[in-house]
Amino acid sequence: MSDHNILVDVRNLKKHFSKGTDIWGRSTEVLKAVDGVSFQIRKGETFGLVGESGSGKSTVGRCLIRLYDYTEGEVYFDGHDLSKLGDKQLKPFRRRIQTIFQDPYSSLNPGMNVLDLIGEPMNIHGLYMKEEERKEVVSALLEKVGLKREHLYRYPHEFSGGQRQRISIARAVSVRPDFVVCDEPISALDVSVQAQVVNMLEDLQAEFGLTYLFIAHDLSMVRHISDRIGVMHGGRLVEVADSDELYDNPLHPYTKALLSAIPIPDPKAARERSAFKYDFEASGDKQHAELREVSPGHFVADHE
Ligand code: ADP
Ligand code: MG
């Protein structure tokens, strides 16, 4: 795609895992974790990717950051086909593309203090190598993510889950990336801090001109932050639309089912909702059809 507004262009991405091998070591069964996914992310936007656990969201994210080699398809980042680049050519992209994961505890080395944790990506990319400057830059970042200078020499176990996620976010933005893959960044946090972290991600996006892929298993978590949303089911996208359009006018039965799983405080509405259940098994191969554009920017897979 030659459109300069597109930062990430995913074309027919497939990632198959081998599930077992026969006595000759040949693979017997494949697990199609991602099975033909195409979407684009524009510069400065947030693209939400939702779907239940196991639908292939994280695998898409890992392919985008080249943590996985993919089975088929292409991923273009700012016009470059990443799968064609060697380690040396990939280096600038390893700075430009950063990630935030669900569990900030396992992604932060418990033996490193905050200064070293946030400084680590800077070391890798040779940024702010002078000690005093490093301390200044990290302190400023800490304040931006709602922490304090006094936290510089503390260790991960001294922080709450929400604070640890703030440290992970500071780490991710420390090297001035263009694109951040946020894989369920608020799913493990208390409901009371989820909105704060989302607001902070939005502030950082505005300040640094970031583009986000925001992964979640729950539509209610992505609505506020996403400009557009893709709904994944069984390794495929079943619907893509602007965020509000997807909520106001969901077309695919799977999207409707996901929406109906949003907690509803009213018990009567909750009872009515539970009466609706979509039979995914019976829908068989229908969901594997191509996406169709039903109104400008609203795409849906064929269904009953
Ligand atoms: P999600 O993030 O939507 O929960 P994942 O992308 O993690 O889904 O997983 C999609 C499917 O791929 C699951 O069935 C999962 O078990 C499988 N899978 C993910 N990573 C691997 C891997 N490294 N090896 C084998 N199977 C995997
Ligand atoms: Mg996942």
Side-chain angles (χ1 to χ4, degrees), residues 8 10-22 25-39 41 46-73 75 82-83 97-108 161 165 168-169 172 179-189 194 197-198 201 212-223 225-226 228-240 246 252-255 257-259 261-262 278 280-281 283-285 287-288 291 301:
V8 180
V10 179
R11 298 188 196 170
N12 193 31
L13 180 69
K14 295 186 183 175
K15 177 62 182 174
H16 296 172
F17 293 106
S18 120
K19 276 211 291 196
T21 47
D22 62 18
R26 294 182 303 209
S27 95
T28 46
E29 249 187 294
V30 288
L31 182 114
K32 298 180 176 180
V34 176
D35 201 28
V37 161
S38 305
F39 63 92
I41 309 178
T46 298
F47 188 89
L49 197 58
V50 294
E52 69 200 314
S53 176
S55 56
K57 308 178 299 292
S58 293
T59 304
V60 168
R62 291 188 188 121
C63 290
L64 296 198
I65 63 172
R66 273 288 308 264
L67 205 59
Y68 287 162
D69 287 327
Y70 25 96
T71 309
E72 215 181 294
V75 175
L82 296 187
S83 67
I97 305 174
Q98 294 293 319
T99 44
I100 303 165
F101 295 104
Q102 173 171 349
D103 180 359
Y105 206 55
S106 64
S107 58
L108 294 179
Q165 196 58 298
S168 303
I169 292 167
F179 178 51
V180 184
V181 174
C182 309
D183 191 350
E184 308 236 18
I186 60 169
S187 301
L189 303 181
Q194 286 180 345
V197 171
V198 165
L201 285 169
Y212 289 146
L213 175 70
F214 194 97
I215 296 173
H217 57 269
D218 181 333
L219 267 166
S220 65
M221 287 185 190
V222 292
R223 178 175 194 173
I225 195 169
S226 302
R228 289 186 306 132
I229 295 174
V231 179
M232 274 193 86
H233 178 52
R236 310 271 306 201
L237 274 173
V238 296
E239 191 160 358
V240 178
L246 191 82
H252 197 279
Y254 182 70
T255 310
L258 268 188
L259 276 170
I262 291 177
Y278 175 59
F280 300 112
E281 293 307 318
S283 74
D285 266 337
Q287 64 211 341
H288 286 251
L291 295 186

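Order of listing sets the numbers, starting from 1, for every ligand and every atom in it.
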the protein heavy atom lying closest to atom 23 (N) of ligand 1 turns out to be Y68 OH, 3.2 Å
Heavy-atom closest pair (K14 atom, Y70 atom, distance to 0.1 Å) is O-CB, 3.4 Å
L213 and L49, any side-chain heavy atoms less than 4.5 Å apart: yes
* Is any side-chain heavy atom of I229 less than 4.5 Å from a side-chain heavy atom of V50? -> yes
Hey, is G56 one of the residues with a heavy atom under 4.0 angstrom from ligand 1? yes
Rounding to 0.5 Å, atoms CZ (R66) and CG (L82) come to a distance of 7.0 Å
the protein heavy atom lying closest to atom 1 (P) of ligand 1 turns out to be G54 N, 3.4 Å
Protein non-hydrogen atom found under 4.0 Å from atom 16 (O) of ligand 1 | no
query: Within less than 2.8 Å of the Mg ion (ligand 2), any N, O or S from S58?
result: yes
Atoms of ligand 1 under 4.0 Å from any heavy atom of S53, numbered from 1 in the order shown, are 4 (O)
Inset, instruction - Could you check whether the rings of F47 and F39 sit parallel, tilted or perpendicular, using 30° and 60° as the cut-offs? - result: parallel
Counting from 1 in the order shown, the ligand 1 atoms closer than 4.0 Å to a non-hydrogen atom of E52 are 3 (O)
Heavy-atom proximity to atom 9 (O) of ligand 1, picking from V34, L31, L49, T59, points to T59
Between F17 and Y68 the two heavy atoms that sit nearest each other are CZ-CE1, 3.6 Å
Any nitrogen or oxygen of F17, main chain or side chain, under 3.5 Å from a nitrogen or oxygen of ligand 1? no
V10 and V37 have their tightest heavy-atom pair at CG1-O, 3.4 Å
To the nearest 0.5 Å, atom CD of E52 lies from atom CG of D218 at 12.0 Å
Among non-hydrogen protein atoms, atom 7 (O) of ligand 1 lies closest to S58 CB, 3.8 Å
Heavy-atom proximity to atom 3 (O) of ligand 1, picking from K15, H16, K57, points to K57
